[in-house]
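Everything below concerns the one structure shown next.
Whatever order the structure lists them in is the order used to number ligands and atoms, beginning at 1. All residue numbers refer to positions in the sequence shown, counting from 1.
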Amino acid sequence: MLVMKFGGTSVGSGERMLHIARIVQDVRSGWLPAGHQGPVQPDRPIIVVVSAMSGVTDALLNAARRAATGRPGACDVAETLREQHYQAIETVALPEEQAVLRAEIEQLIQEFRNLCMAISILGESTPRGLDAAASLGERLAVRLTAAALRKTGIPATAVEATRLIVTDDRFTDASPLMDETEQRVREHLIPLVKAGQTPVVTGFIGATREGWTTTLGRGGSDFSAAILGYCLNADEVWIWTDVDGVMTADPRVVPTAHTIPEISYAEVAELAYFGAKVIHPKTIRPAMEKNIPIRILNTFNPGGPNTRIVAQPDRNQGGVKGITSIKGLSLIMVEGRGMLGIPGIAARVFSTVAAEGISVLMISQSSSEQSICFVIRREESARALQMLERAFAYEMAARNVDRIWALDDVAVLAIVGAQMRETPGIAARVFGALGRAGINVLSIAQGSSEHNLSLVVAEPEADEAVQAIHREFFGG
Ligand code: ASP
Ligand code: MG
C-alpha cells in the first residue's frame, strides 16, 4: 500500500488536479521516483490524500472570523468559492458527471453559508464552528480530485476522513485516537481498495466520537497521510508538494542549496520545528512508530530530486544535513549576580512564561548561573517581560536579580545533523565561518541529542549567517 498526499498548490486548479491524476496513473503503471531502491509490489494499491485548493482554508477561516464580528458581507466569499470549484469541474470531470458534481459542490457551499450565517447571528466563532467551516475546503477538493482521477481512467472514490479519523475534542488542533482510527480506516478503506477503487481522502480533518468535525491543525494534511499510512501499514508515504524535497537551506536565501537525498526522522523533525516548511512536524511520529519511510516530492518536477525520510539513512552525508532559521524572535535575559546557587529561579522563570501560554524556542544558561536567556516570539516579548518583572519583584528589590530585559529582532539558526555527535570540530567550523563573515553570535545552545546546534544572531544578519555556514559545509 502506498499513501500519496497532495498539498494545496498541487490541487490548486482543475489543470493541477488532472496533472496529479496523471502522476497517480504513472505510479500505478510502475513509475518510481529518482533514487528509489529495491523491488516494489506490482499493482500496489494507492490511497490519495488531498488538501483544500490553495487559499481556500484561509478564505473559509477569514470569512468565519469576520462573520463573528457581524461585518456585513463576511459570507460573500461563498460566491467566489463556488465559482472557483465550478470552474475546476469543467476541466476535471467527465461530461456525464458534471451535473451531479455541481450539485454536491452547491450543497457544501450552502452548508458554508448556513454556518457563516449562524456565526454572524451568534456574534461568536467557537473553535468547533471554525473547524466546521475550515473542513469544507478539503470536502470540496476530494470530490473534484476523485473526478479528475476517474477522467484519467482510474476508478476513484471521494472519502471524508470524518468517517475514518477519530479524534479528541480539541477543536482546531485535535489529536487522533489511534486504536479507533485504525479500526475505522481498515473497515472503510480496505473494502474500497479490494474493489479496485483508489480512495481520495480529505486531509486535515477528522471527527470526535460524537461525530463533530475537527481539524488536526493548519497544514495538517501531511499528518492525515501519516495517520492513514500507520493504520494501513503502508510501505511508504509520499508527500507531494511544490519544492524538490527537503533542502540543505532555504533556496531563496542560499541559491546553491540542494535536496537532501536521505534524512532521519529525528533530523527532519528538528528542521521542521525550526521553520523549514516542508512537512508538518506531527507527520513524523506515526511514520516513525511503524518505520514507514516518508518521501517528499515535487508535483511540478516529479522526476527531479526528492528526499526520503527513514530511521537510519544509509548514505553517509557528513555531519551537517541542513541549516534553517526562524526570524521575528526576541531573546529574553534574566541576569543577576545574586542568582548564583539560588535554586528554583529557572523553574520560576519558565513557569511564569508557560502560565502566559508563551512557547520557548531555545534556552541557554551560563554555568556561572549569572544569567538565563531564552528565545520567544517577538510579539510576546513585552508581555513576557511584564510578567517576569512581576514574578521577580522581590528578588529585584533584594538585588538578587539585577535586570530582566529583551533583545528584540533576533533570529535563531539551527544547524541540524545526527552525525554532528560523532564529528568533532563542527562547532568550531560554524563559529569560524561566522567570525570570518563578521557576524556576532548572541547566544548558543546545543540539545543533548546533538542533532541540533542552535545560535541566536541579530535578525538583519540571519541570511548572511545561513549563507556563511552553508558555504562552510557545502561549498559554493
Ligand atoms: N488545508 C489545510 C490548511 O491549509 C491543511 C493543509 O493544507 O495541509 O491548513
Ligand atoms: Mg496547505
Taking salt bridge (Lys or Arg N to Asp or Glu O under 4.0 Å) as the cut-off, I'd like each qualifying pair that reaches into residues 11-24, sequence neighbours left out, listed once.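 Passing the test, one end in residues 11-24: no pairs.
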Does only the side chain of Ser221 get under 4.0 Å from ligand 1, or the backbone, or both, or neither? Count heavy atoms. both
Using a 4.0 Å heavy-atom threshold (strictly under), name the region of His280 that reaches ligand 1: side chain, backbone, both or neither.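 Near ligand 1, His280 shows nothing, with every heavy atom at 4.0 Å or more.
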Check for me whether Gly137 has a heavy atom closer than 4.0 Å to any atom of ligand 1.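 No, Gly137 has no heavy atom closer than 4.0 Å to ligand 1.
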Close approach, Gly203 and ligand 1, non-hydrogen under 4.0 angstrom: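 So Gly203 does not count as touching ligand 1.
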Which atom of Gly304 lies closest to which atom of Ala34, heavy atoms considered: O-CB, 3.8 Å
Has ligand 1 got any nitrogen or oxygen that is less than 3.5 angstrom from a nitrogen or oxygen of [X]?
{"X": "Lys5", "result": "no"}
{"X": "Gly219", "result": "yes"}
{"X": "Thr57", "result": "yes"}

Any donor and acceptor pair, going by atom type alone, linking the side chain of Gln98 with main-chain N or O of Ala93 inside 3.5 Å?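 Yes; judged by distance alone, with no hydrogens or angles, the pair exists.
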Let me know which of Asp250, Asp408, Asp463 forms a salt bridge (charged side-chain N to carboxylate O under 4.0 Å, His left out) with Lys327. Asp463
Mark up the atoms of ligand 1 that fall under 4.0 Å of a heavy atom belonging to [X], in ascending order.
{"X": "Arg218", "value": "3 (C), 4 (O), 9 (O)"}
{"X": "Glu138", "value": "1 (N), 2 (C), 5 (C)"}
{"X": "Ser51", "value": "6 (C), 7 (O), 8 (O)"}

Just say parallel, tilted or perpendicular for the rings of Phe6 and Trp240, cut-offs at 30° and 60°.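 If you compare the ring of Phe6 with that of Trp240, the planes turn out parallel.
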Phe223 vs His280 aromatic rings, parallel, tilted or perpendicular, using cut-offs 30° and 60°? parallel
Only counting residues at least two apart or in another chain, list the ones meeting side chain to side chain donor-acceptor pair (under 3.5 Å) with Lys151.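 By the side chain to side chain donor-acceptor pair (under 3.5 Å) rule, Lys151 matches no residue at all.
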